[in-house]
Amino acid sequence: MSSANSLGTASPTASVPFTEALAVLRAAAEETRLRILALLAEGELSVSDLTDILGQSQPRISRHLKLLVESGLIERHREGAWAFFRLREAAAGFVEPLIAALRHEAPPLSEDRARLDSVRAQRADAAQTFFARLAPKWDRLRSLHVPEATVEAAVLDALGDRPIRHVVDLGTGTGKMLALLAPRAGRATGLDSSHAMLSVARANLERAGLPRVDLRQGDLHAPPFGRAGFDLVVLHQVLHYLDDPARALREAARLVAPGGRLLVVDFAPHAQEHLRETQAHRRLGFAAEQVTGWLVQAGLGRVESRDLAPDDGTEHPLTVTLWLAQDIAQDVAENLTQNAVSLRPAAPDERAVA
C-alpha cells in the first residue's frame with residue numbers, strides 16, 4: 001500500500017504504519033517541500049502563488065508539488081485553468097505538529113510568510129476591483145429586502161446549537177454563508193462555477209481569518225463531491241438564478257449525510273419583474289409549498305419554513321424565506337424495523353403467556 005493510500009483513508013488522529021511514515025517524512029525532508037508544507041498550513045495556494053512566494057520557477061515548484069501529492073501530504077484541485085493545493089485533511093494530524101514545531105520567526109519561514117501576506121494583499125485588491133463592479137447592482141437588490149444581518153440571525157436561529165461536522169455552501173458567491181458558518185463547523189467547503197467569484201470569496205475569508213476553508217469550482221447541478229458527505233448543505237440566494245431549481249435541490253439532497261440537514265434561503269413570490277433584466281433572475285421567488293414539495297421529492301423530510309417579511313412593503317418589497325429540511329432515511333429504516341418486529345408472529349411461549 002502506498003503512503004498516499006494510507007494517509008488518504010486514515011483519520012486525522014489515526015496512527016500511521018512505520019514504512020508509510022518513513023515515506024512521508026522523506027517526501028517532506030527537502031527545503032522547498034518543507035517550506036511549501038508550512039505555507040499550505042496557512043491555507044490553499046496556487047502554483048502561481050507558490051512561485052511568487054518562493055522565487056522559484058514554475059516547473060521546479062510543480063515537480064515538488066507532484067511529489068507531495070504522490071506522498072499523500074497534499075491534494076490538488078482545479079479551478080478553471082488554475083490548480084490549487086492544500087494539505088490533505090487526513091494528513092493534517094501528522095503534518096501540523098511538525099509544522100508547528102518549526103521556528104517561523106526566522107528565515108526562510110519568516111520571509112515566506114511576509115511574501116504570503118503580500119500575495120494575499122494583491123489577491124484581495126484584485127477581488128475588490130472585480131467586486132466593486134458588482135457592488136452597486138447587489139446593493140440595489142439588498143435594499144429590496146430585510147437587512148442581511150436579519151437574514152443571518154435567522155439562519156443561525158434555524159440551525160440552533162447542533163454541532164456541524166462539515167458544511168458545504170453551494171453557489172457560495174462571495175463566501176458570505178461560509179464566513180457565517182465556518183467558525184461553527186469542523187470543516188467548511190464552498191462551491192461556485194465562477195473563478196472570479198471564488199477569488200472574491202477567498203479574499204473575504206482570508207480577511208475574516210478563515211483561510212482553511214475549501215473552495216472548489218464546479219456546477220451545482222453536478223457537484224464534484226461524493227454522496228452523503230456533508231451534515232449541512234446550504235443554498236443561499238441561488239435557486240432564483242436557475243432554470244431547473246428542483247434538479248439543483250435533488251443534487252443537493254444527494255450530498256446530505258444520514259440525519260443531516262439542507263438549508264435553502266431565497267425569495268418568496270414577488271412581482272419585481274425588472275430583476276430579470278437587472279439581476280439575471282430566472283425565477284421571481286418561490287412559494288413555500290413549492291420548495292417544500294421539491295425537498296420531499298428529493299427524499300428529505302421534517303421541512304420547516306420561515307418568512308422574513310419586510311416591515312415596510314413599499315420600501316422593502318421582497319420577502320426572504322428560509323427552508324430547513326432533514327434527511328429521514330434513518331428514521332424510515334427504524335420505522336420499518338419496528339413495524340417488522342410488531343408484525344412478527346408471536347413465539348409459542350409468548351402466546352402461552354398471553
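Side-chain contact check for Leu322 versus Ser305: every heavy-atom pair is 4.5 Å or farther apart. In this structure the side chain of Leu324 never reaches within 4.5 angstrom of the side chain of Leu262, judged on heavy atoms. Using a 4.5 Å heavy-atom cutoff, the side chains of Gln58 and Leu50 are not in contact. Proximity of Thr172 to Leu191: side-chain heavy atoms (C-beta onward) are nowhere separated by under 4.5 Å. Val167 is not listed as a side-chain neighbour of Thr189, based on a closest heavy-atom distance of 4.5 Å or more. Inter-residue side-chain proximity for Lys176 and Glu152 is flagged as met; some heavy-atom pair is nearer than 4.5 Å. Within the 4.5 Å cutoff, no side-chain heavy atoms of Leu318 are placed close to those of Pro310. Inter-residue side-chain proximity for Leu87 and Ile99 is flagged as unmet; no heavy-atom pair is nearer than 4.5 Å.
For Asp307, the side chain to side chain contact (heavy atoms under 4.5 Å, CB included) criterion is met by Thr319, Thr321, not counting sequence neighbours. Partners of Phe225 by ring pair (Phe, Tyr, Trp, His ring centres under 6.0 Å), not counting sequence neighbours, listed by chain and number: Phe230. Residues meeting the side chain to side chain contact (heavy atoms under 4.5 Å, CB included) test with Arg306, sequence neighbours left out: Ala154, Asp157, Leu308. Judged as a side chain to side chain contact (heavy atoms under 4.5 Å, CB included), and not counting sequence neighbours, the contacts of Thr278 are His274, Leu275. Under the rule for a ring pair (Phe, Tyr, Trp, His ring centres under 6.0 Å), Trp323 has no partner lying at least two apart in sequence or in another chain. Remark: Arg76 pairs with no residue by the side-chain hydrogen bond (donor to acceptor under 3.5 Å, both in side chains) rule, at least two apart or across chains.
Under the 30°/60° scheme for interplanar angles, the aromatic rings of His270 and Phe267 are found to stand perpendicular.
With hydrogens and angles disregarded, no donor-acceptor distance shorter than 3.5 Å links the side chain of Thr150 to the backbone of Val146. Between the side chain of Asp192 and the backbone N or O of Gly173, at least one donor-acceptor pair lies under 3.5 Å. Side-chain atoms of Asp266 come within 3.5 Å of backbone N or O of Leu239 as a donor-acceptor pair. A distance-only check finds no donor-acceptor pair linking the side chain of Gln326 to the backbone of Gly301 [under 3.5 Å]. Judged by distance alone, with hydrogens and angles left aside, the side-chain atoms of Asn204 form no donor-acceptor pair with the main-chain N or O of Ala201 at under 3.5 Å.
Residue Leu178 is found in a hydrophobic cluster whose other members, listed by chain and number, are Leu198, Leu205, Leu210, Val213, Leu215; membership requires side-chain heavy atoms under 4.5 Å apart, directly or through intermediates.
In this structure, the separation between CZ on Phe84 and CZ on Arg78 is 10.5 Å, given to the nearest 0.5 Å.
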Residues 231-238 side chain polar contacts: donor-acceptor under 3.5 Å, at least two apart:
{"unit_1": "Asp231", "atom_1": "OD1", "unit_2": "Arg165", "atom_2": "N", "d": "3.2"}
{"unit_1": "Asp231", "atom_1": "OD1", "unit_2": "His166", "atom_2": "N", "d": "2.7"}
{"unit_1": "Asp231", "atom_1": "OD2", "unit_2": "Arg165", "atom_2": "N", "d": "2.7"}

Solution key, residues 33-43 side-chain donor-acceptor pairs under 3.5 Å, sequence neighbours excluded:
{"unit_1": "Arg33", "atom_1": "NE", "unit_2": "Ala27", "atom_2": "O", "d": "2.5"}
{"unit_1": "Arg33", "atom_1": "NH1", "unit_2": "His64", "atom_2": "ND1", "d": "3.1"}
{"unit_1": "Arg35", "atom_1": "NE", "unit_2": "Asp112", "atom_2": "OD2", "d": "2.8"}
{"unit_1": "Arg35", "atom_1": "NH2", "unit_2": "Asp112", "atom_2": "OD1", "d": "2.8"}
{"unit_1": "Glu42", "atom_1": "OE1", "unit_2": "Arg113", "atom_2": "NH1", "d": "3.2"}
{"unit_1": "Glu42", "atom_1": "OE2", "unit_2": "Arg113", "atom_2": "NH1", "d": "3.2"}

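Listed by first then second residue, pairs satisfying salt bridge (charged side-chain N to carboxylate O under 4.0 Å, His left out) with a partner in residues 207-220 read Glu75-Arg216, Arg86-Asp214, Glu96-Arg212, Asp214-Arg216, not counting sequence neighbours. Within the structure, every pair that satisfies the salt bridge (charged side-chain N to carboxylate O under 4.0 Å, His left out) test and touches residues 252-263, not counting sequence neighbours, is listed here: Glu251-Arg254. Listed by first then second residue, pairs satisfying salt bridge (charged side-chain N to carboxylate O under 4.0 Å, His left out) with a partner in residues 279-296 read Asp243-Arg282, not counting sequence neighbours.
Side-chain N/O atoms of Gln272 and His281 include no donor and acceptor closer than 3.5 Å. Inspection of the Gln56 and Thr32 side chains reveals an N or O donor paired with an N or O acceptor under 3.5 Å.
Under the 4.5 Å side-chain heavy-atom criterion for Ile, Leu, Val, Met, Phe, Trp and Tyr, Ile328 and Val264 are members of distinct hydrophobic clusters.
With salt bridges taken as basic N to acidic carboxylate O contacts below 4.0 Å, one links Lys66 and Glu70.
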